[in-house]
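I have placed the structure first, in the form of structure tokens, so that the comments after it can refer back to it.
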Amino acid sequence: MKLLGIVGTNAEKSTNRTLLQYMKRHFAPKAEIEIFEIDQIPLFDKPDTKEAPQKIASLAAKIHASDGVIIATPEYDHAVPAALLNVLEWLTYCENGLDDKPVLVVGASYGCMGTLRAQNHLRQVLDAPEMKAHFMIGQGFLLGQSLAAFDDQGNLTRVDDQKALDEYFANFAAAYELS
Ligand SMILES: Cc1cc2nc3c(=O)[nH]c(=O)nc-3n(C[C@H](O)[C@H](O)[C@H](O)COP(=O)(O)O)c2cc1C
């Protein structure tokens with residue numbers, strides 16, 4: 001199983017990036033996970049040419065070559081960060097959206113709700129026909145209190161979090177018959 005993990009922020013420090021790095025190591029026996037950064041991407045401006053910036057074209061090619069996509073979203077003001085929405089707008093306008101790939105939604109937040117509102121917002125966006133995304137309704141991995149959720153090696157410390165992530169990952173692989 002080849003998955004592309006999108007870090008849903010252009011911030012230098014991010015617990016969502018730490019989460020994806022953990023998933024890459026932890027799920028290595030089951031999946032090859034490549035991590036994609038969304039920094040250095042211009043603001044979407046609906047160009048008449050429909051020509052995507054180079055980094056978006058490269059992202060689209062990586063999505064096409066993968067079996068599925070992981071999106072790790074922070075929560076900003078109860079919503080998905082603008083940097084992530086920007087990427088999704090480029091993808092639907094200039095490329096083939098998420099290319100009919102299954103999407104595993106995860107998120108880490110400093111508060112106790114673990115990006116619940118941002119994940120609901122993200123699923124609303126992913127539901128747009130142009131997004132060409134498949135996702136499991138009502139399922140995601142919510143990592144609350146994310147600043148205290150990892151040890152020095154970047155591993156999840158709370159057993160409940162580990163269990164919830166393992167279960168969600170297994171459900172995802174089974175639902176889309178990925179192996
Ligand atoms: C502009 C801004 C808005 C934020 N809004 C929220 C919010 O609505 N809910 C929340 O739990 N944390 C909020 N935060 C705090 C963290 O940025 C947020 O928990 C984020 O998911 C942490 O992810 P990160 O470590 O990948 O940056 C906000 C932070 C900023 C800078």
Side-chain angles (χ1 to χ4, degrees), residues 3-28 31-45 53 55-56 58-59 62-63 66 68-91 98 101-128 131 133 135-169 172:
L3 302 176
L4 186 72
I6 299 176
V7 181
T9 174
N10 54 358
E12 239 172 70
K13 274 189 171 178
S14 162
T15 55
N16 281 278
R17 183 178 297 110
T18 311
L19 174 60
L20 275 181
Q21 289 165 343
Y22 167 79
M23 291 176 72
K24 183 182 165 87
R25 290 191 309 276
H26 180 70
F27 292 118
E32 184 191 326
I33 299 177
E34 179 181 349
I35 297 177
F36 189 89
E37 296 285 349
I38 61 166
D39 58 336
Q40 312 282 320
I41 293 177
L43 206 54
F44 177 68
D45 61 354
K55 198 159 177 189
I56 292 292
S58 152
L59 172 59
K62 284 175 188 293
I63 291 171
S66 71
V69 175
I70 305 170
I71 299 181
T73 183
E75 178 168 292
Y76 281 178
D77 303 325
H78 295 184
V80 167
L84 177 55
L85 274 184
N86 184 48
V87 167
L88 297 176
E89 286 164 11
W90 278 119
L91 285 173
L98 291 171
K101 303 294 177 181
V103 182
L104 184 120
V105 177
V106 299
S109 73
Y110 297 173
C112 61
M113 292 179 73
T115 71
L116 176 65
R117 294 158 297 207
Q119 289 192 29
N120 284 338
H121 179 215
L122 179 57
R123 278 187 283 268
Q124 183 187 329
V125 173
L126 293 179
D127 206 24
M131 283 300 328
F135 56 92
M136 293 189 293
I137 294 166
Q139 285 202 56
F141 173 64
L142 306 164
L143 184 66
Q145 317 289 357
S146 61
L147 286 173
F150 299 96
D151 65 16
D152 291 346
Q153 276 75 50
N155 293 319
L156 285 176
T157 53
R158 299 184 296 242
V159 175
D160 286 356
D161 290 334
Q162 295 164 10
K163 273 193 189 159
L165 183 59
D166 284 351
E167 197 176 305
Y168 178 39
F169 193 87
F172 175 78

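Both counts, for ligands and for their atoms, begin at 1 and track the order of listing. As the structure is a computational prediction, the values presented were derived from the model and not from experiment.
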Inset, instruction - Would you check if there is a donor-acceptor pair between the side chains of N120 and R123 at a distance under 3.5 Å? - result: yes

Inset, instruction - Counting heavy atoms only, name the option from E75, Q145, H78 that's nearest to atom 18 (C) of ligand 1. - result: E75

Inset, instruction - Evaluate the ring planes of H26 and Y22, with Trp represented by its six-membered ring, and classify them as parallel (under 30°), tilted (30 to 60°) or perpendicular (over 60°). - result: parallel

Inset, instruction - Check for a donor-acceptor pair, side chain of Q119 on one end and backbone N or O of F141 on the other, with a separation under 3.5 Å. - result: yes

Legend entry - Check: A79 main-chain N/O paired with D77 side-chain donor or acceptor under 3.5 Å: no

Legend entry - A108 and ligand 1 - part of the residue with a heavy-atom distance under 4.0 Å: backbone

Inset, instruction - For residues D39 and K55, determine if any side-chain heavy atom of one lies less than 4.5 Å from a side-chain heavy atom of the other. - result: yes

Legend entry - Within-4.5 Å side-chain heavy-atom neighbours: L126 and V105: yes

[atom]: nearest protein contact (heavy atom, Å):
| atom | value |
| --- | --- |
| atom 19 (O) of ligand 1 | Y110 N, 2.8 Å |
| atom 2 (C) of ligand 1 | Y76 CD2, 3.8 Å |
| atom 5 (N) of ligand 1 | D77 N, 2.9 Å |

Ligand-residue contact atoms, ligand 1 with [X], heavy atoms, under 4.0 Å:
| X | answer |
| --- | --- |
| T15 | 23 (O), 24 (P), 25 (O), 26 (O) |
| S109 | 11 (O), 19 (O), 21 (O) |
| S14 | 24 (P), 25 (O), 26 (O) |
| N16 | 23 (O), 24 (P), 26 (O) |

Legend entry - Short N or O distance, T9 and ligand 1, threshold 3.5 Å exclusive: no

Inset, instruction - For E32, look at atom CD and say whether over 12 heavy atoms of other residues, nucleotides or ligands are found less than 6.0 Å away. - result: no

